[in-house]
There are 2 protein chains.
Amino acid sequence: MASEVRSRVTVIDVARAAGVSVATAARALGGYGSVSQASRRKVDEAAARLGYTPNMVARSMITGSTKTIGVIVADIENQFFQLVLRGVSRVLSEAGFDLVLANTEESIEVERRSLRVMTSRRVDGLILSPTEVADVAQIRAVADSGIPVVLLDRRLRGLKVDSVGIRNRAASHEATTYLLDRGHRQIAVVTGGGAEHAEELRSGNVGRLRRMSATTLGTRTAGYLEAIEAAGIAHVPDYVVANGFRQSDARTAARELMRLPQPPTAIMAFDSLLNLGVLQGLGDAGVRCPDQVSLIGFDDAPWAEVVDPPLTVIAQPTEEIGALAARQLLDRLGGESGAPMNHRLPVRLIERQSVARPPG
Amino acid sequence: MASEVRSRVTVIDVARAAGVSVATAARALGGYGSVSQASRRKVDEAAARLGYTPNMVARSMITGSTKTIGVIVADIENQFFQLVLRGVSRVLSEAGFDLVLANTEESIEVERRSLRVMTSRRVDGLILSPTEVADVAQIRAVADSGIPVVLLDRRLRGLKVDSVGIRNRAASHEATTYLLDRGHRQIAVVTGGGAEHAEELRSGNVGRLRRMSATTLGTRTAGYLEAIEAAGIAHVPDYVVANGFRQSDARTAARELMRLPQPPTAIMAFDSLLNLGVLQGLGDAGVRCPDQVSLIGFDDAPWAEVVDPPLTVIAQPTEEIGALAARQLLDRLGGESGAPMNHRLPVRLIERQSVARPPG
DNA sequence: GACGAAGGTGAGAACGTTATCGCATCGGCT
DNA sequence: AGCCGATGCGATAACGTTCTCACCTTCGTC
C-alpha cells in the first residue's frame, strides 16, 4: 500500500479514472469554472483514490502567480526581524500566500543576488529590508517590472515604493530628550553602523546625515544631534560610535566609551542586540548602571524587563510593522494603485530602571 | 528607458535577437550542453540588452527540481528556532537552495496544511520540527513520495527519516544531577507542554513518558525523573508543570510553584522563553534567585549572561543543529541512501550564577 | 415553438523552459 | 581515404496545469 512511487499522479490520470475530460477534472480540482455535482463527485473520488496532489509549479506556469512573497531581511538574528517575520508570516498565511526567506547578513552582494533569485522565482511581491548601501537602481528595476515592493523601516531616496516603519528621527529625539530632561549633558550613541559610515555619523552634520541615503541609523543619529543641539550642547565626535552590528561590537564600544578622558554619563543604543552588548561592556568596565551611567535602548525585547537593571527602551510595534507590511503588499496585489504609502507607526517609551540622573 | 513592461522577455526573444536557435540560447543561458564561444557571446549580449531574467518556474516544471527546501517550525518566536533557521539558511544558500518557511504556531492543523502546501509546491526537501501530536502517517506519506525529510530535535516512532538534535534525556539528566549535587531535593520543572500532556507528564511514570510519542519535553521530563529517582527522591506531581509554551505561562507557573505548601528549592525550565518567564515569576513572588530558589534553563540565549542573576544553562549548539540538518538534507538530495541518521550533538552546561545551594 | 441565457463539457493551445534526437562539421587517428 | 568521437547546433517533444473556444443541453420566456 505504501507505494514508493516517484511518478506523480496528474490531472490526466484523475480524469481518466473518473471518466471525464481533462478540462472537467481540472475544473473540479482547481475549483474554477462550472462543474456538475455528478462530475465533481466522480473526480473527487478518483483524486482521493489515486492520491492526487496538485502541482503548484505547473499552475504558476500558466496563471503567472506563484502565491509566494519574497522576504529579504538584513539579519535574522536580530530580534526586530524575528518579530517582523512573525507578523508577516501570520498575515500572509491567512491570505494563502507562502514566504520565501533570504537572509543577507548585511551584505550588499547577497542582497543583489537574493533580489535576482526572487525575480527569477517570480514571487508575487517582495518585502525588503535594504542594507545600508542598497542598490536602488536594482530595486527600482524590480518594482518597475511590476512586482510590488514594500520596504521595511526605511525609505530610499528617489524610490517610489511603499514603506512601513517608525519615525526614527522623532523616536531618537524623544529618547535623547528623555535623557536631557534627567540632567545628562554627555550622551553617547552606539549606532551599530559599519566603518563605511563612521565618518559621516561622527561628523555631527545633520544636513549631511539626513542626505546620507536615509538609513535607519543615519536618521536616528540625526534625531539625537538635533536634540542635543537644541539643548545647546556641543557635538562630541567620539560620542558617536559605529563599529558594527554585533553584540560584541557594542560591548567593545561601551568599554571604549568609558575609557574616554571625559566618559559619557548616558548611552543610547539602536537595537536590542546592541543594548545587550553595551550592558555587558559596562559590566566589563566595572561601571554600575544606572548609578554611574544611564542606558536607553531601542526595541523592547522579551528579556528587557529581566536584565540588571531592567532596561528603559523605545519600543517599536514590531510584529505590527510586519503585519502591516504584508497587508500593504496584499492590497497592491489586489490592485490598489495610487501614490506610495509611507506608514509610520507610533513608538512607546517604556520607563524601567536603566536611566537615572547623572552622578554628582 | 525605464520601460514598465509587464510582458517578460523569454529565451525565445533572446534567441531571435541573437540570431541563434532557441535550443542554443537556452544552453548558453542555462549553462548546460555545449555552446561555442561565439554563440555564447551573442546570446549573453542579447540577454543583457533585452534584460532577460530566467524563469525558475518554467525550469522547475521540466527539471522536476525547484531548488527549494521547505522549513516548518513550531514557533518562530522561540530563540531555538531562530538560530536553527540561521544555520539552515546559511548552508542552503551556499548550496544554491532557497527556503520557504512555515510557522505552525504549535497547531497540528496548520502543520497538516503546511505539509500539503510544501508537497504541492514540489519542494526538493523538508526540514520539519513536528508538533507534539504530529500526524506521523502524513509525514510518512511525504517521505515515501520521495521527498527527503529531516526532523529537528526529535524522532518520531515508526518513522524512518533522518533527525538532528541533542540527547534530550541525557541533557536534562545532567542538569538535574547538577542541582542534586548542590544539595537540592525539591526540584520542579517547567516543561512548556500543553494541557493535553499535563497528566502524562505529572504521572511520573518513566516508561509511559518514554512511550509518549517521544516529544522533546517528554524525553526531557523522563531524564529528570530518572535522575531524581536514582537519588532516591519521591516524585511530586505538582513539581511537573505543563501549562503552555509562552513566557507568561512560565511566569504563572513559577508563581504557583512558590505558593505550594512545600515550594521547590530549584526549578528547571525547558527553553529560553520559559527561563525568562520563570525568572519574572520568581520576581513577582518576591523570591530571590539563587538565594531562595535556584534556576537552571535550556538554551543559551544572548541575554542569559546579562539577566539578574546570570543564568546557568544547558546550551545547545543551535545554529549547528540547523546547519547539520541542512547538510544532511543536501546529502540525501545528492543521492546518499542508507539507513536514517540520527545525529545527536553534544550540549554544554554553562555555569553562571542562578544556581546555589538550597537555603538552610 | 422559437429564442436566448446559463450551465456543463471537451479538444487543444498556451505558459517558458529543458530534454531528446538527429544532423552537420571538424580533427585526429588508423 | 575512411572512420570515429567530440562538439555544436536546431527542430520539436515534454513537463502539468489553466485558458480559450466551440459546442451541446436545458430551461424559462415571449
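Every chain is numbered from 1, with letters handed out A, B, ... down the list of sequences.
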Set out, line by line, the N/O atom pairs under 3.5 Å between protein and nucleotides 21-27 of chain D.
none

When rounded to the nearest 0.5 Å, the distance separating CG of B:Asp75 from CZ of A:Arg86 is 5.5 Å
Correct closest heavy-atom pair for B:Tyr52 and B:Thr10 would be CE1-C, 3.7 Å
To the nearest 0.5 Å, how far apart are CG in A:Leu92 and CG in A:Leu329? 7.0 Å
Terminal axis angle for the helix from C:dG1-D:dC30 to C:dT30-D:dA1, five pairs an end, nearest 10 degrees: 40°
Contact interval (first through last nucleotide) of DNA chain C with protein chain A, 4.0 Å heavy-atom: C:dG7 to C:dG16
If you take all heavy atoms of A:Val35 and A:Ala28, which pair is closest and at what distance? CG2-N, 3.8 Å
Measuring from atom OG of A:Ser129 to atom CD of A:Glu111, what distance do you get when rounded to the nearest 0.5 angstrom? 7.5 Å
Rounded distance (nearest 0.5 Å) linking atom CZ of B:Arg90 with atom CD1 of A:Ile76: 12.0 Å
CG of B:Leu29 to OG1 of B:Thr24: how many Å apart, nearest 0.5 Å? 10.5 Å
Taking DNA chain C as the partner, which of residues 28-43 of chain B come within under 4.0 angstrom of it by heavy atom? B:Tyr32
Upstream residue (5' side of DNA chain D) when A:Val22 and B:Ala25 are each assigned their closest nucleotide: B:Ala25
Which pair of non-hydrogen atoms, one from B:Thr104 and one from B:Ser114, has the smallest distance, and what is that distance? CG2-OG, 4.5 Å
For B:Pro54 against B:Arg59, the heavy-atom pair lying closest together: CB-NH2, 4.0 Å
Using side chain to side chain contact (heavy atoms under 4.5 Å, CB included) as the criterion, list what pairs up with B:Ala46, not counting sequence neighbours. B:Val14, B:Ala17, B:Ala18, B:Arg49
Please work out which residues in residues 48-64 of chain B have a non-hydrogen atom less than 4.0 Å from an atom of DNA chain D and list them by number. B:Met61, B:Ile62
Between D:dT17 atom C1' and A:Ile12 atom CD1, what is the distance in whole Å? 9 Å
side-chain hydrogen bond (donor to acceptor under 3.5 Å, both in side chains), that's the test. Do A:Asn342 and A:Ser163 meet it? Break it down for me. CA-CA 5 Å; A:Asn342 290 303; A:Ser163 72; 2.7 Å; yes
Does one side chain, of A:Arg27 or A:Ser39, offer a donor that lies under 3.5 Å from an acceptor on the other? no
Any A:Thr10 side-chain nitrogen or oxygen under 4.0 Å from OP1 or OP2 of D:dG16: no
How long is the straight-line distance from CE of A:Met56 back to NZ of A:Lys67, given to the nearest 0.5 Å? 8.0 Å
Is the backbone N or O of B:Val150 less than 3.5 Å from a side-chain atom of B:Asp162, with the two atoms forming a donor-acceptor pair by type? no
Applying the salt bridge (Lys or Arg N to Asp or Glu O under 4.0 Å) test to B:Asp98, which of A:Arg113, A:Arg116, A:Arg121 qualifies? A:Arg121
